[in-house]
2 protein chains.
Amino acid sequence: MTAGSLRDDLKTLPDTSPEVDRLVTEIISRVADKWTMLLIEILTERECCRFGELFRACEGISQKMLTQTLRAMERDGLVTRTVYPVVPPKVEYRLTDLGLGLSKAFCGVWHWAEAHFEQIEQARRDYAAKAENE
Amino acid sequence: MTAGSLRDDLKTLPDTSPEVDRLVTEIISRVADKWTMLLIEILTERECCRFGELFRACEGISQKMLTQTLRAMERDGLVTRTVYPVVPPKVEYRLTDLGLGLSKAFCGVWHWAEAHFEQIEQARRDYAAKAENE
DNA sequence: ATTTATACTTACCGAAAAGAGAGTGTGGAC
DNA sequence: GTCCACACTCTCTTTTCGGTAAGTATAAAT
């Protein structure tokens with residue numbers, strides 16, 4: 001496929017109002033951050049997770065960020081948070097249908113990134129090499 | 001479609017190594033920011049743009065951010081930057097095939113967001129209302 | 001001689017995000 | 001009585017982000 005024909009395909013997408021554009025952009029950048037995506041991935045695979053489980057699965061995250069990210073996802077209707085009134089506390093998270101839909105939509109980007117990350121790394125090396133020769 | 005069957009679909013995706021996971025996550029969060037997405041959209045529509053044109057099309061952006069974002073995109077191989085040695089300077093940007101591929105992959109997310117932003121806003125209202133009653 | 005156009009680059013500053021690490025509540029095991 | 005488990009929550013510090021505004025280079029137009 002050439003750049004030209006691919007672009008023609010893309011051009012046929014429906015135009016949207018600038019207002020919707022802004023909303024959509026805001027939602028995407030809200031949702032397309034590192035931890036949110038990782039959590040969506042984990043919750044897609046595991047169905048239902050406790051806080052500590054997510055904490056261990058999401059290596060590198062701090063408790064603070066995990067709480068914050070989960071709260072934002074709950075607020076946006078992507079996950080449900082179920083608290084069991086027991087001691088020690090037990091809280092379960094799972095994706096809603098909305099969250100699963102997003103997970104599916106992201107698959108395209110995920111696949112693209114998987115298929116092309118070597119190209120990107122090569123581009124970065126080329127760029128660095130070019131910069132060095134100047 | 002139920003949550004269960006949708007999840008089953010998603011589960012059939014190939015597993016990837018944690019290393020690739022990290023790379024892919026890094027690339028996506030690199031690429032999924034507000035300005036990069038907007039620029040990809042504009043360049044998908046307009047094919048070829050000068051700096052000033054992008055500056056005007058991307059309302060709200062500062063010159064600094066525009067330069068920075070374009071440089072990052074160039075570094076990642078998403079756009080080409082062509083400098084014409086004339087005065088006043090003339091520089092043209094256009095998406096590479098890699099950039100167009102990303103544009104296409106993001107369409108899915110874009111469509112999802114377009115189709116569901118009202119649901120998200122409703123979820124946010126519900127969440128705010130619930131928080132207020134406590 | 002001065003202004004204009006273009007595409008930056010640089011310096012500075014405040015705001016916002018994020019990490020580290022300690023603290024909290026409570027019931028049951030020891 | 002003490003400790004542990006779990007899911008936070010709070011504070012403090014560091015890092016990063018992003019905006020403003022000024023500066024640069026140069027040829028042509030006035």
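A quick note: this is a predicted structure, and the numbers were derived from the prediction, not measured. Every chain is numbered from 1, with letters handed out A, B, ... down the list of sequences.
- Out of D:dA5, D:dA7, D:dT9, the shortest distance to the side chain of A:Phe51 is found at D:dA7.
- No donor-acceptor pair closer than 3.5 Å links the side chain of A:Thr36 to the backbone N or O of A:Ala32.
- Rounded to an integer number of Å, the gap from CZ of A:Phe55 to C1' of D:dA7 is 11 Å.
- Atom pair A:Asp33:CG and C:dA16:C1' shows a separation of 15 Å (rounding to whole Å applied).
- A:Glu53 has its CD atom 17 Å from the C1' atom of D:dC8, to the nearest Å.
- Distances were taken from every side-chain heavy atom of A:Arg50 (C-beta onward) to each of D:dC6, D:dT9, D:dT20; the shortest belongs to D:dC6.
- Distance A:Met65 CE to D:dC8 P: 15 Å, rounded to the nearest Å.
- Distance CD1 (B:Ile61) to P (C:dC8): 12 Å, rounded to an integer number of Å.
- Nearest to the side chain of A:Pro88, among D:dG18, C:dC8, D:dC6, sits D:dC6.
- Ring geometry, A:Phe51 versus A:Tyr93: the interplanar angle falls from 30° to 60°, so the pair is classed tilted.
- In this structure, of C:dT6, C:dT26, D:dT26, it is C:dT26 that holds the atom nearest to the side chain of A:Val87.
- Minimum atom distance to the side chain of A:Arg81 is reached by D:dC8, of the listed C:dA18, D:dC8, D:dT20.
- The separation between B:Leu66 atom CG and D:dT20 atom P is 14 Å, rounded to whole Å.
- With contacts defined as side-chain heavy-atom distances shorter than 4.5 Å, the pair A:Ile61/A:Phe55 qualifies.
- Per the geometry, NZ belonging to A:Lys34 stands 14 Å off C1' belonging to D:dT15, to the nearest Å.
- Within 6.0 Å of NZ in A:Lys90 there are more than 12 heavy atoms belonging to other residues, nucleotides or ligands.
- Listed nucleotides: D:dA22, C:dA18, D:dC6. Nearest to the side chain of B:Gln63: D:dA22.
- Each of B:Trp35 and A:Tyr93 was matched to the nucleotide of DNA chain D holding its nearest heavy atom; the match closer to the 5' end belongs to A:Tyr93.
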(request) Could you walk me through whether A:Ser103 and A:Thr44 pass side-chain hydrogen bond (donor to acceptor under 3.5 Å, both in side chains), step by step? (result) CA-CA 7 Å; A:Ser103 174; A:Thr44 300; 2.9 Å; yes

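- Computed from coordinates, the B:Lys90 NZ to C:dA5 P distance equals 17 Å when rounded to whole Å.
- Applying the 4.0 Å criterion to OP1 and OP2 of D:dC8, one finds that A:Arg71 has a side-chain N or O inside that range.
- Nearest nucleotide to the side chain of B:Lys64, out of D:dC6, C:dC12, C:dA18: C:dC12.
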